[in-house]
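Sequence lines set the chain letters: A, B, ... in the order given, protein chains first and strands last, and positions in each chain run from 1. Please read these numbers as outputs of a predicted model, since none were measured by experiment.
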Protein chains: 2
Amino acid sequence: MKKQVEDKKAALLEAALKLFTERGFHGTSTAQISKEAGVATGTLFNYFPTKEDLINGLYFEVKEELSRRMGKDVQTQKTYKEKLRKMWYNLVEWGIENQEKFHFVGQFCSSPYISSHTREVVMEEYVFFHDLAMEGLKNGELGDYPPEMITSMFYQSSRTIVDYILHSEPQDRNKAIEDGFQVVWKGVSKK
Amino acid sequence: MKKQVEDKKAALLEAALKLFTERGFHGTSTAQISKEAGVATGTLFNYFPTKEDLINGLYFEVKEELSRRMGKDVQTQKTYKEKLRKMWYNLVEWGIENQEKFHFVGQFCSSPYISSHTREVVMEEYVFFHDLAMEGLKNGELGDYPPEMITSMFYQSSRTIVDYILHSEPQDRNKAIEDGFQVVWKGVSKK
DNA sequence: ACTTAAAATGACTAATTAGTCAATATCAGA
DNA sequence: TCTGATATTGACTAATTAGTCATTTTAAGT
């Protein structure tokens with residue numbers, strides 16, 4: 001019975017991801033989500049007491065998945081530049097593999113339907129990212145810019161490159177990913 | 001009588017800008033917009049036959065205003081780098097002065113409620129931007145990246161810097177704007 | 001002051017919404 | 001097979017929605 005429960009909850013989250021990304025929060029009814037997930041309208045509310053709880057739960061799950069992917073194998077890299085490059089590839093490749101999730105977080109990161117509590121809990125998962133910027137500033141690898149500016153430029157540039165790859169469909173994706181890293185690295189590194 | 005008409009239409013557009021930006025398209029009712037604008041619920045539909053016509057009209061107006069500002073005094077600059085810097089300052093300063101409009105275009109540029117017709121008409125206003133990238137590639141000022149990648153990086157970086165300035169509130173805004181330009185220029189320029 | 005055409009109004013409607021709840025289905029353990 | 005706790009269902013409700021339209025108001029020209 002536990003298995004079934006997880007199936008339905010996962011189906012609801014998947015349906016919500018698709019529809020919220022396509023049509024927005026108020027543009028999607030709970031009935032549409034239930035139908036897409038293949039459950040009754042009442043079932044949604046067994047798992048998520050309100051529509052806002054659903055989008056907050058979804059946002060948390062997706063951001064958590066992204067943070068795990070971003071940090072993967074970063075600390076095993078030899079140089080600072082290699083660490084940043086690894087994180088860049090993790091981020092962009094995840095974005096291409098998970099277009100809907102990538103688009104979803106971009107769309108709802110500053111939405112009023114995501115509670116400040118959710119935002120705070122999610123933020124904790126990204127401390128390592130801020131710390132990596134601080135490390136680069138201390139060891140002189142990065143230009144003398146505020147750390148928040150560096151992390152924002154890095155992350156937003158990844159969104160730009162993912163959108164570019166998905167929309168312009170360049171013949172060589174890996175070239176585009178590497179080009180993107182070169183632009184960002186030249187931009188934020190010292191000298 | 002003409003004066004009054006323009007007043008009401010402008011009030012509706014201003015109210016729509018505020019509410020759509022805050023709560024999204026489906027998160028805002030036409031009744032709320034009319035109330036915010038200080039007109040009756042029926043009056044909105046005298047100016048905009050449907051809610052979608054309203055958001056499309058608003059999107060067109062705002063994007064047109066931005067394109068005019070972006071291109072201002074750019075061609076009178078001496079060097080290529082000065083042209084790009086001028087455009088950067090135009091863009092970022094407009095974003096800071098017009099937070100709601102800047103946020104609005106960022107939020108709705110890939111929304112399904114903006115018609116492809118609106119998108120096409122707006123695109124024509126930005127040909128000069130693409131041309132400036134092509135110019136930089138031809139004269140060897142810019143690195144060998146696809147022009148769409150360069151224009152996207154430039155524009156998205158401006159959004160990042162505007163958000164950074166509005167959110168982190170650095171003591172010296174001009175320093176932050178110039179820092180932002182330095183990062184972008186180092187990133188996309190040759191050598 | 002009178003005329004007239006356009007502009008403004010807000011009560012109204014049919015459709016849709018988030019969320020409820022009483023009834024039904026499921027299934028592990030006895 | 002029977003029991004009881006839990007999961008699922010979908011008809012239902014009260015509230016809200018975009019858009020309509022008959023009526024009233026406005027104001028420019030005479």
Side-chain angles (χ1 to χ4, degrees), chain A residues 1-60 104 107-108 111-115 117-118, chain B residues 1-60 104 107-108 111-115 117-118:
Chain A
M1 190 178 259
K2 189 66 185 302
K3 184 74 179 305
Q4 290 256 355
V5 161
E6 291 306 314
D7 279 358
K8 292 211 195 308
K9 190 172 180 182
L12 282 163
L13 286 167
E14 195 184 321
L17 171 68
K18 181 188 169 191
L19 295 171
F20 284 151
T21 305
E22 273 175 11
R23 313 289 309 174
F25 180 71
H26 275 111
T28 305
S29 69
T30 55
Q32 286 176 301
I33 296 167
S34 298
K35 192 177 181 185
E36 176 80 24
V39 302
T41 63
T43 303
L44 188 152
F45 298 97
N46 292 337
Y47 296 99
F48 307 97
T50 68
K51 198 183 174 187
E52 294 213 348
D53 287 323
L54 169 58
I55 199 170
N56 276 269
L58 177 60
Y59 185 80
F60 175 74
F104 173 79
Q107 214 183 326
F108 289 98
S111 149
Y113 313 113
I114 305 300
S115 72
H117 174 256
T118 300
Chain B
M1 191 174 260
K2 190 67 187 303
K3 185 73 179 305
Q4 290 254 358
V5 161
E6 290 307 313
D7 279 358
K8 292 212 196 304
K9 190 171 181 183
L12 282 162
L13 285 167
E14 194 184 323
L17 171 68
K18 181 189 170 189
L19 295 171
F20 283 150
T21 304
E22 273 173 13
R23 313 289 308 172
F25 181 70
H26 274 111
T28 305
S29 69
T30 55
Q32 286 176 302
I33 295 168
S34 298
K35 193 176 179 186
E36 177 80 24
V39 302
T41 62
T43 304
L44 189 152
F45 297 97
N46 293 338
Y47 296 99
F48 306 97
T50 69
K51 196 182 174 186
E52 293 212 348
D53 287 324
L54 169 58
I55 199 169
N56 276 268
L58 177 61
Y59 186 79
F60 174 74
F104 173 79
Q107 213 183 328
F108 289 97
S111 149
Y113 312 113
I114 304 300
S115 71
H117 173 256
T118 299

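When every heavy atom of A/Phe48 is checked against every heavy atom of A/Asp53, the shortest pair comes out as CD2-O, 4.0 Å. Between A/Phe25 and A/Phe108, the closest heavy-atom pair is N-CZ, 3.9 Å. The minimum heavy-atom distance between B/Thr28 and B/Leu19, with the atom names listed, is OG1-O, 3.1 Å. A pairwise comparison of heavy atoms in A/Ser34 and A/Leu12 identifies CA-CD2, 4.3 Å as the closest pair.
C/dA18 atom C1' lies 13 Å from atom CG of A/Asp53, rounded to whole Å. Protein atom CG of B/Leu44 is 10 Å distant from nucleotide atom C1' of D/dG19, rounded to whole Å. In this structure, A/Lys51 places its NZ atom 4 Å from P of C/dA18, rounding to the nearest Å. Rounded to whole Å, atom P of D/dT16 lies 17 Å from atom CD1 of B/Ile33. Atom C1' of nucleotide C/dA6 and atom NZ of B/Lys9 are separated by 16 Å, given to the nearest angstrom. Distance, B/Phe45 CZ to C/dA8 P: 15 Å, rounded to whole Å. Put simply, CG on A/Asn46 is 16 Å from P on C/dT26, counting in whole angstrom units. Rounded to an integer number of Å, the gap from A/His26 NE2 to D/dA15 C1' is 13 Å.
Across all strands shown, A/Thr28 has heavy atoms under 4.0 Å from sugar-phosphate atoms exclusively, and none from any base. A/Ser29 comes within 4.0 angstrom of sugar-phosphate atoms only, judged by non-hydrogen atoms across all strands, and of no base.
Checked by atom type and distance alone, the side chain of B/Tyr113 pairs as donor or acceptor with a backbone atom of A/Arg23 at under 3.5 Å.
Picking from D/dT9, D/dT8, C/dT9 the nucleotide with the shortest atom distance to the side chain of A/Val39 gives D/dT9. When the nucleotides C/dA11, D/dA11, C/dT9 are ranked by their closest atom to the side chain of A/Thr41, D/dA11 comes out on top. Which of C/dT9, D/dT9, D/dG19 sits closest to the side chain of B/Thr50 comes down to D/dG19.
Side-chain N/O atoms of B/Thr30 include one lying less than 4.0 angstrom from OP1 or OP2 on D/dA18. Look at B/Tyr47 and you'll find a side-chain N or O under 4.0 angstrom from OP1 or OP2 of C/dA8.
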